[in-house]
**Q** 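Can you keep this structure in mind? I'll have questions shortly.
Along the sequence shown, the residues carry numbers beginning at 1. No hydrogens, no waters, no symmetry mates; every other heavy atom, side chains included, goes into these values. The structure displayed is predicted, hence computed values, not measured ones.
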Amino acid sequence: MTATVTITDNPLLIGKGLPPFDAIAPGHVVPAVTQVLAALETELATLEASVQPTWSGLVEPLQQLGERLNWTWSIVGHLMGVKNSPELRSAHETVQPQVVQFWSKLSQSQPLYQAFKALRSSESWDSLESAQKRIVEASLREAELSGVGLEGEKKERFNAIQLELAEITTQFSNHVLDATKAFSLTLTGQDEIDGLPPSLLSLAAQAARSAGEANAEAQNGPWRITLDFPSYGPFMQHSTRRDLREKLYKALISRASSGELNNWPLTDRILALRQEKAALLGFSSYAELSLASKMAPNVEAVEALLEELRLASYDAAVKDLAELQAFAAEKGAQEAEDFKHWDVGFWSERRREEKFAFSAEELRPYFALPQVLDGLFGLVKRLFGVKVTAADGKAPVWNKDVRYFQIDDEPGNTIAYFYLDAYSRPEEKRGGAWMDECIVRAKLVQAETTTTRLPVAYLVCNQTPPVDGKPSLMTFLEVETLFHEFGHGLQHMLTTVDYPGASGINNVEWDAVELPSQFMENWCYDRATLFGMAKHYETGETLPEHYYQKLLAARHYMSGSAMLRQVHFSRVDIELHHRYQSGGSETVADVRNRIAKTTTVLPPLEEDAFLCAFGHIFAGGYAAGYYSYKWAEVLSADAFAAFEEAGLEDESAIASTGKRFRDTVLGLGGSLHPMEVFKTFRGREPSTKALLRHSGLAAA
């Protein structure tokens with residue numbers, strides 16, 4: 001029996017400040033959300049009756065109203081990602097419809113919409129700051145895209161679609177988590193672990209112990225391999241057992257595609273509902289609706305960029321595959337004649353080891369998480385003049401491994417905080433890596449006293465946890481992932497905008513949001529940064545120079561294949577949201593296979609159900625927006641090129657360019673259009689040259 005929660009002691013009702021994660025239980029969710037919504041319904045009615053078309057009479061009270069619900073509901077959303085459980089799911093499912101209905105009611109409010117229109121055409125408009133104007137314009141657009149102009153049956157249908165979409169996208173996500181968790185491969189014989197590195201054997205033995213094999217150990221097993229990336233990735237790269245690689249690969253690509261967790265019907269339903277929603281709003285496709293609030297002007301512009309990148313990467317990817325096959329043949333491998341998807345990771349790792357004389361595994365001891373954090377924090381001090389220090393214990397956390405940090409601007413002036421949840425926990429945490437907002441920066445005035453509310457970020461990764469008394473030893477890819485998420489965090493934390501609606505990542509067009517994150521990845525290859533963090537966890541020895549040279553040489557290895565893969569995902573996403581018709585002659589899988597003909601060099605297997613786990617577009621914010629990674633990478637590569645031009649060895653030039661980047665890209669948030677922000681930093685519009693050069697595809 002769960003104790004009944006009395007409303008007075010519900011930690012989800014505090015409404016401000018840091019979430020008391022140590023006190024929150026799934027049983028708090030339903031009563032808290034129900035109570036918040038009841039109070040906000042009354043407040044909304046009062047605001048509608050008395051609204052004034054001014055900043056203080058409209059935008060500020062609306063902001064406060066939205067933040068009250070957001071504080072409670074976003075904590076629930078965060079816990080769904082990092083501490084998922086049947087009880088939490090059930091609570092989320094119970095109240096999600098009411099939350100969606102309230103947001104619909106708020107965004108479709110005619111009195112508020114008319115007040116926004118009146119504010120935009122009022123005499124006071126010209127006196128508003130750029131951030132304020134962008135917030136008003138975004139609010140008008142948001143209302144229009146939320147169906148404020150619909151009436152009668154159309155409005156009812158629109159709201160029903162919103163409800164169903166919220167429900168089935170959550171279901172989609174839960175299915176992927178459950179299907180990932182449901183599969184495991186238990187290995188018992190030495191022949192089954194041939195080729196596997198010690199780091200994976202330790203992790204696999206730990207996974208076996210967690211699953212009840214009390215005596216499992218790295219040397220003697222049993223070993224449990226899962227679809228969680230820190231387990232799956234190294235297995236596919238190193239296992240000499242081709243039959244087991246095939247088994248694991250097929251398990252990954254068929255996740256959530258059959259039985260009770262079948263996402264195929266959901267993919268089709270989600271696309272049909274989005275298409276219907278777009279039509280109700282007067283758009284010819286959901287892609288057009290999606291782009292209405294993005295930086296890219298139209299679908300043609302997106303497809304033109306993707307085609308430019310496809311042409312630059314396709315031949316290189318064909319060559320990559322031919323070279324892998326030739327290499328496997330040279331080594332006498334039977335599979336060279338019949339090369340399959342589950343051979344690619346294995347042979348590309350063997351060829352990398354031979355071509356560049358190092359393996360990804362060899363580098364792990366040099367990238368212990370504490371050292372990598374030191375290097376990352378040293379870099380942000382060098383670039384942006386801010387100091388990051390541990391603040392563990394200053395905030396309640398949802399898991400004992402979660403860390404808390406503060407960021408100070410010189411001298412000793414704290415400007416932001418962040419949580420870091422670094423390790424994979426497949427039993428309760430979804431895969432991937434992400435940054436999310438906990439608290440957004442804002443200027444608050446109470447009793448004539450003005451204070452600045454400091455931003456707090458969640459940074460979540462899924463890297464190899466500490467095993468057998470060793471710290472978390474990271475692959476170079478995991479290092480890049482951490483830098484990527486920290487880039488998102490910096491835009492949230494170093495913002496100088498005081499209006500929450502345009503502070504940090506708020507009101508930044510979605511296809512520009514990856515600029516700071518991808519920008520930060522470039523620094524993993526910067527000499528000073530790398531040597532600042534690559535220290536052997538036992539001896540303290542710095543990474544030998546020859547490894548650095550090999551990392552640089554290997555940077556472009558298979559980059560044609562990597563780019564083509566992203567182009568493939570982006571093209572499938574746009575096609576499904578722009579041209580696909582549910583119930584037509586093609587299925588969702590047919591569309592993917594058709595696009596694959598020009599965007600893959602090994603066509604997908606017949607049983608490939610990758611779309612059933614493509615949470616980015618079916619359960620995340622990337623619907624008709626996956627191209628954003630490439631769109632923003634053009635911006636981020638060009639931004640990094642500004643530092644290269646200044647001279648990466650020239651500390652004063654780096655600091656002054658860093659200050660300019662901080663003041664523009666990181667500081668201005670959503671207060672200006674991203675193109676204006678970019679031009680203010682770079683002095684011109686972006687070009688694809690730097691991206692193709694950084695990818696080693698410039699000649700193409």
Side-chain angles (χ1 to χ4, degrees), residues 184-211 213 215-241 244-245 248-249 252 345-350 352-353 356-373 375 401 422-427 429 431-433 461-483 524 530 533-544 547 550-551 554:
S184 68
L185 196 59
T186 300
L187 310 177
T188 51
Q190 293 291 328
D191 60 318
E192 294 177 312
I193 60 161
D194 187 52
L196 301 185
S199 62
L200 179 56
L201 295 176
S202 292
L203 183 69
Q206 188 185 51
R209 288 195 296 275
S210 300
E213 299 278 359
N215 302 320
E217 49 183 57
Q219 285 74 28
N220 305 314
W223 303 271
R224 189 168 188 255
I225 302 296
T226 69
L227 297 179
D228 200 39
F229 202 77
S231 176
Y232 174 87
F235 187 89
M236 295 302 288
Q237 283 181 319
H238 298 286
S239 171
T240 60
R241 285 284 300 267
L244 296 179
R245 294 200 310 265
L248 207 63
Y249 177 80
L252 186 86
F346 178 80
W347 286 107
S348 83
E349 194 52 33
R350 299 293 77 73
R352 181 205 302 270
E353 288 169 0
F356 305 108
F358 81 99
S359 74
E361 284 298 311
E362 275 173 72
L363 296 183
R364 271 191 203 260
Y366 293 96
F367 292 115
L369 177 62
Q371 288 299 135
V372 172
L373 289 175
D401 292 329
Y423 312 133
S424 123
R425 294 189 300 279
E427 67 288 351
K429 184 177 172 184
C461 296
N462 261 296
Q463 66 198 49
T464 315
V467 183
D468 297 342
K470 296 173 184 169
S472 171
L473 299 177
M474 302 166 72
T475 63
F476 191 67
L477 182 64
E478 288 173 341
V479 174
E480 288 181 298
T481 301
L482 176 64
F483 272 60
C524 296
L530 190 78
M533 65 182 171
K535 308 259 195 271
H536 196 285
Y537 79 101
E538 287 174 316
T539 64
E541 174 208 10
T542 301
L543 185 77
Y547 275 131
K550 288 167 183 173
L551 261 178

**Q** Could you tell me if Y366 and E541 have a donor-acceptor pair between their side chains, going purely by distance under 3.5 Å?
**A** yes
**Q** So which pairs with a foot in residues 185-203 pass salt bridge (Lys or Arg N to Asp or Glu O under 4.0 Å), sequence neighbours left out?
**A** D191-R241
**Q** For residues P465 and L203, determine if any side-chain heavy atom of one lies less than 4.5 Å from a side-chain heavy atom of the other.
**A** yes
**Q** Would you mind reporting whether I193 and L200 have side-chain heavy atoms less than 4.5 Å apart?
**A** no
**Q** Distance alone, cut at 3.5 Å: any donor-acceptor contact between the side chains of Q463 and T481?
**A** no
**Q** Considering all heavy atoms of both residues, which atom of E478 and which atom of L473 are nearest to each other, and what is their separation?
**A** OE1-O, 4.1 Å
**Q** If you take all heavy atoms of M533 and G375, which pair is closest and at what distance?
**A** CB-CA, 3.5 Å
**Q** K550: what forms a side-chain hydrogen bond (donor to acceptor under 3.5 Å, both in side chains) with it, not counting sequence neighbours?
**A** H546
**Q** Which heavy atom in L187 sits nearest to a heavy atom in L196, and how many Å separate them?
**A** CD1-CD1, 4.5 Å
**Q** So, the side chain of N462 versus the backbone of G432: is there a donor-acceptor pair under 3.5 Å, distance only?
**A** yes
**Q** Sequence neighbours left out, what pairs pass salt bridge (Lys or Arg N to Asp or Glu O under 4.0 Å) with at least one residue falling in residues 356-367?
**A** E361-R364
**Q** F367: what forms a ring pair (Phe, Tyr, Trp, His ring centres under 6.0 Å) with it, not counting sequence neighbours?
**A** F476
**Q** Under the salt bridge (Lys or Arg N to Asp or Glu O under 4.0 Å) rule, collect the residues that match up with K535, sequence neighbours excluded.
**A** none
**Q** Return each pair, listed once, that meets side chain to side chain donor-acceptor pair (under 3.5 Å) where at least one residue sits in residues 226-237; pairs must be two or more places apart or across chains.
**A** D228-S424, Q237-E349
**Q** Do L363 and T475 have side chains that approach each other closer than 4.5 Å (heavy atoms only, starting at C-beta)?
**A** no
**Q** Sequence neighbours left out, what passes side chain to side chain contact (heavy atoms under 4.5 Å, CB included) with Q219? Give chain and number order.
**A** E217
**Q** Step by step, would you call L551 with L530 a side-chain contact (heavy atoms from CB on, under 4.5 Å)?
**A** CA-CA 10 Å; L551 261 178; L530 190 78; 3.9 Å; yes
**Q** Please tabulate, for side-chain N and O atoms in residues 204-211, each donor-acceptor pair with protein atoms closer than 3.5 Å (sequence neighbours left out).
**A**
from, atom 1, to, atom 2, distance (Å)
R209, NH1, A216, O, 2.9
S210, OG, Q206, O, 3.1

**Q** Would you please name every residue forming a side-chain hydrogen bond (donor to acceptor under 3.5 Å, both in side chains) with E353, sequence neighbours left out?
**A** R350
**Q** Taking the side chain as every heavy atom from C-beta outward, state whether L369 and P471 have any pair of such atoms under 4.5 Å apart.
**A** no
**Q** Kindly write out the residues that satisfy side-chain hydrogen bond (donor to acceptor under 3.5 Å, both in side chains) with D401, not counting sequence neighbours, or none if the list is empty.
**A** none
**Q** If every non-hydrogen atom of H238 is compared with every non-hydrogen atom of F346, which pair is closest and at what distance?
**A** O-CE1, 3.6 Å
**Q** How about Y537 and K470: do any of their side-chain heavy atoms sit closer than 4.5 Å?
**A** yes
**Q** Would you check if T188 and W223 make a side-chain contact, meaning some heavy-atom pair closer than 4.5 Å?
**A** no
**Q** Less than 4.5 Å apart, side chain to side chain, heavy atoms only: is that true for M474 and S472?
**A** yes
**Q** Within this structure, what is the CG-CG distance for the pair L248 and L227, rounded to the nearest 0.5 Å?
**A** 5.5 Å
**Q** Would you name the heavy atoms of T186 and P222 that are closest together and state the gap between them?
**A** CG2-CB, 4.1 Å
**Q** Give, for atom CG of L244 and atom OG of S239, the distance between the pair rounded to the nearest 0.5 Å.
**A** 5.5 Å
**Q** Does NZ or CZ of R245 come closer than 6.0 Å to the centre of the six-membered ring of F235, within 45° of the ring's axis?
**A** no
